[in-house]
Amino acid sequence: MKTDAIRNGPESRSARPRKPGSRGLWLAGFLLLAGLAGPLPARAEGAAVATQPQVEVSLISAQTAVGQARQIRLGLHFTLAKDWKTYWRSPGDAGYPIAVDWAGSGNLAKADLLWPAPHRFTLFGLDTFGYKDEVVLPVIATLSEPGKPLSIKAHLRYLVCETVCIPYEADLALEIPAGDALPSAQAQLIDRYYAQVPGDGRAQGLALEQVALGGSDANPTLEVTARATLATFTTADLIVEAPPGLYFGKPAIQLSEDDRLARFTLPITREANAPALTGAAVTLTLTDGICGLERNVTLSPATGSSENFNGLLAMIGVALLGGLLLNLMPCVLPVLSLKLLGVAGHGGGEKAHVRLSFLVSAAGVLTAFLLLAAMLAALCAAGLAIGWGIQFQQPLFLAAMALIVTLFAANLMGWFEITLPGWLGSLASDADAAAGRAADRRSLPGYFLTGMLATLLATPCSAPFVGTAVSFALSRGALDIFVIFGAMGLGLALPYLAVAAFPGMAVALPRPGRWMIHLRRLLGIALAATAAWLLSVLAGDIGIWGVAILGGLLIALALVLALLHRLPNNQRPLLWGGAAALGIAALALPALISSGPTAQARTQAQARLAEGWAPFEEARIGALVAQGRTVIVDVTADWCITCLANKTLVLDRPEMTAAFESGKVVTMRADWTRPDEAISRYLARFGRYGIPFNVVYGPKAPEGILLPELLSHDAVLNAIARAGS
């Protein structure tokens with residue numbers, strides 16, 4: 001029998017140790033019953049369906065052809081005889097999970113196996129988790145080359161049980177041709193079970209309000225409070241996946257009068273060599289029928305309301321410090337040119353206006369952060385993927401930012417010097433005032449929008465403490481999101497507030513003169529480089545020719561604006577119309593030609609592989625760790641400047657590459673440049689919502705060791721040593 005099937009994702013934790021005292025008894029009984037069932041049946045070879053007396057399993061697709069998308073949905077469909085069951089990714093006190101090996105598949109980059117909400121089965125005092133009657137395990141298949149046929153080969157290893165347990169293996173195959181992606185007859189079936197995969201619970205109206213350790217040292221318990229907002233609890237249950245040596249029993253459940261609040265109390269058994277309860281990382285899966293919620297938490301004792309408030313205050317301090325450090329990140333450096341120009345432009349000016357202008361800039365920063373908080377809170381309420389910097393995954397946002405930055409750069413270069421209409425004129429007025437023009441209240445909207453631009457350009461970076469603060473906020477309610485993001489905005493705005501508090505620093509500078517013209521041009525080049533970087537990120541979506549056309553439109557727009565002051569007033573409306581048309585075309589172009597990852601993006605992925613980094617496959621991690629290997633996962637994106645710094649300064653350095661090539665270290669990279677639900681779910685399981693994200697797995701750290709946002713050579717090597725065998 002083949003025994004090296006790859007387990008899928010965090011499901012590698014599924015081989016949970018049995019309860020103390022029951023392991024030997026169950027093993028002896030299992031072997032006896034399996035022997036009574038007779039020899040292992042022969043497995044089906046290369047068919048889309050494998051049939052046994054107790055179970056039929058088939059490999060199905062939600063579409064008739066691959067289409068042009070990078071990902072398609074498949075499913076493993078189990079139909080079980082009456083009273084028979086199979087197992088979830090964490091089987092509980094007995095059994096083993098369904099395992100799949102995709103080796104031999106063609107045009108398959110990776111396959112993510114998802115697990116619908118399981119049911120609890122109690123027999124002879126043992127609790128197991130799995131499925132009965134029927135289940136579809138959804139599979140998100142990522143193609144190596146979109147548009148080309150997909151050949152799937154899946155080797156399954158699974159167990160079915162009634163009063164006896166029978167292990168089976170099956171080899172399934174499915175060919176999906178090229179062509180238009182039309183829904184198949186199994187599409188609705190796959191979608192029905194895909195909707196039952198536990199997520200953050202928002203779409204199902206489920207939320208965890210409190211998770212804390214309780215009881216005594218001799219008899220510890222886990223106390224969990226959950227709330228249902230869309231319906232009442234009917235068959236609520238809570239499953240805990242924990243490190244070896246920690247065992248969580250069946251919960252006692254207390255419901256509120258309206259059945260919308262459930263309090264779970266789980267007894268805990270701890271072996272002598274088990275990790276401490278406080279600080280232990282566990283995965284909670286809350287189920288209620290077909291609805292579910294999944295969350296990674298770190299256990300800690302229950303705290304009173306005053307301590308919770310003190311914890312919030314501490315996190316506000318972390319967010320404030322993180323926002324301040326964002327000013328030193330590469331993403332914000334282009335905006336420093338506008339800050340510098342603003343300070344220099346006040347030389348010899350009035351202190352009152354200096355103070356007011358910088359207060360307005362700080363207000364722009366805070367407003368942008370609060371708008372981001374509102375957007376993320378709304379996405380949370382809708383049950384959609386959330387994260388720090390996710391707007392850079394959207395081509396329209398990238399095009400809009402490139403347009404705005406180009407206008408700033410052209411103005412600083414002196415290509416156009418007159419006030420633009422509407423809000424664009426407000427943008428230009430900041431630089432105009434810095435050049436020595438009358439700094440009156442008409443320039444204040446420019447200061448405000450400069451502060452907002454600083455925030456938007458800061459979001460691709462993750463400074464120390466930012467990831468901690470963002471993760472805390474996005475795992476809480478809307479109020480906490482606004483409080484934490486407001487604190488980060490205040491931290492980013494502190495340099496503006498410092499100048500507002502001591503305006504003499506700006507007034508003492510020399511008055512604007514010819515030196516200011518040279519400074520403006522130098523800083524304009526810096527902003528032009530920022531626009532070029534934004535276009536390079538966009539190239540992964542619209543291709544190099546699309547970026548070339550978009551770049552040409554932006555340059556043409558700047559040149560049209562440069563001609564305005566050379567023409568008489570009666571001819572300027574025509575040029576204004578042309579400028580507006582070019583701006584609209586620049587914004588519309590990505591929407592017209594975007595079609596997902598391009599050949600260039602695939603080439604970049606292959607280049608990463610050639611550098612020694614394999615594509616991210618969560619399903620392989622558990623099997624590699626079981627073999628004694630150490631696995632490093634790097635979640636990155638083209639728009640993440642901090643990720644680029646980590647790769648350039650640490651991960652891709654020759655000395656680090658030599659350490660990786662020792663033979664026991666496997667390196668994987670996950671590309672989050674475009675939205676990817678599998679990566680979003682992977683980050684969320686660690687309570688993280690932004691990148692860079694780096695984690696090291698190994699025999700001594702199967703749950704993973706998280707690395708800081710800013711990597712260092714020593715931090716990576718120390719994590720490898722701690723995780724390794």
Arg722: what forms a salt bridge (Lys or Arg N to Asp or Glu O under 4.0 Å) with it, not counting sequence neighbours?
none
Just wondering, do Leu490 and Leu324 contact through their side chains at under 4.5 Å, heavy atoms?
no
Check: His155 main-chain N/O paired with Asp101 side-chain donor or acceptor under 3.5 Å:
no
Would you say the side-chain atoms of Asp714 and Ser712 include a donor-acceptor pair closer than 3.5 Å?
no
State, yes or no, whether a side-chain contact exists between Leu74 and Ser61 at a heavy-atom distance under 4.5 Å.
yes
Please evaluate residues Lys110 and Glu618 with respect to the criterion side-chain contact (heavy atoms from CB on, under 4.5 Å), reporting the C-alpha separation (whole Å), side-chain torsions for both, the decisive distance (0.1 Å), and the verdict.
CA-CA 9 Å; Lys110 64 175 181 175; Glu618 190 178 356; over 6 Å; no
Should Arg295 and Thr283 be marked as a side-chain contact (heavy atoms from CB on, under 4.5 Å) after you check the CA-CA gap, both sets of side-chain angles, and the distance that decides it?
CA-CA 6 Å; Arg295 180 179 298 176; Thr283 299; over 6 Å; no
Contacts of type side chain to side chain contact (heavy atoms under 4.5 Å, CB included), residue Val650, not counting sequence neighbours
Met656, Leu711, Val716
Measuring only between side-chain heavy atoms, which start at C-beta, is Ile316 closer than 4.5 Å to Ile484?
yes
Which residues pass the side chain to side chain contact (heavy atoms under 4.5 Å, CB included) test with Ala280, not counting sequence neighbours?
Leu246, Leu299
Is the closest side-chain heavy-atom distance between Leu683 and Val635 below 4.5 Å?
yes
Contact check, side chains of Val139 and Trp102, non-hydrogen atoms, under 4.5 Å
yes
For Ser105, the side chain to side chain donor-acceptor pair (under 3.5 Å) test, sequence neighbours excluded, returns none
Are the side chain of Asp671 and the backbone of Ala637 linked by a donor-acceptor contact shorter than 3.5 Å?
no
4.5 Å side-chain heavy-atom contact, Thr630 and Tyr697
no
Might you work through the side-chain contact (heavy atoms from CB on, under 4.5 Å) test for Trp639 and Thr673, ending with a clear yes or no?
CA-CA 7 Å; Trp639 44 262; Thr673 302; 4.1 Å; yes
Please list, chain by chain and in numerical order, all residues satisfying side chain to side chain donor-acceptor pair (under 3.5 Å) with Thr298, sequence neighbours excluded.
none
With Phe616, which residues qualify under ring-ring contact (aromatic ring centres under 6.0 Å, His included), at least two apart?
Tyr682
I want to check something: taking the side chain as every heavy atom from C-beta on, are Leu114 and Leu137 in contact at a cut-off of under 4.5 Å?
no
My understanding is that only residues two or more places apart in sequence, or in another chain, count here; which of them pass side chain to side chain donor-acceptor pair (under 3.5 Å) with Asp634?
Arg669, Asn694
State, yes or no, whether a side-chain contact exists between Pro116 and Pro138 at a heavy-atom distance under 4.5 Å.
yes
Over all atoms of both residues, closest heavy-atom pair of Gln63 and Ala181
NE2-CB, 3.6 Å
Who pairs with Ala400 by side chain to side chain contact (heavy atoms under 4.5 Å, CB included), at least two apart in sequence or on another chain?
Leu587
Dump the intermediate steps for side-chain contact (heavy atoms from CB on, under 4.5 Å) on Leu372 and Met375, then the final yes or no.
CA-CA 5 Å; Leu372 282 175; Met375 178 191 72; 4.0 Å; yes
With Asp191 via side chain to side chain donor-acceptor pair (under 3.5 Å) - residues at least two apart:
Arg73
Check: Glu294 main-chain N/O paired with Asp200 side-chain donor or acceptor under 3.5 Å
no
Can you list the residues that meet the side chain to side chain contact (heavy atoms under 4.5 Å, CB included) rule with Ala701, with sequence neighbours excluded?
Ile705, Ala723
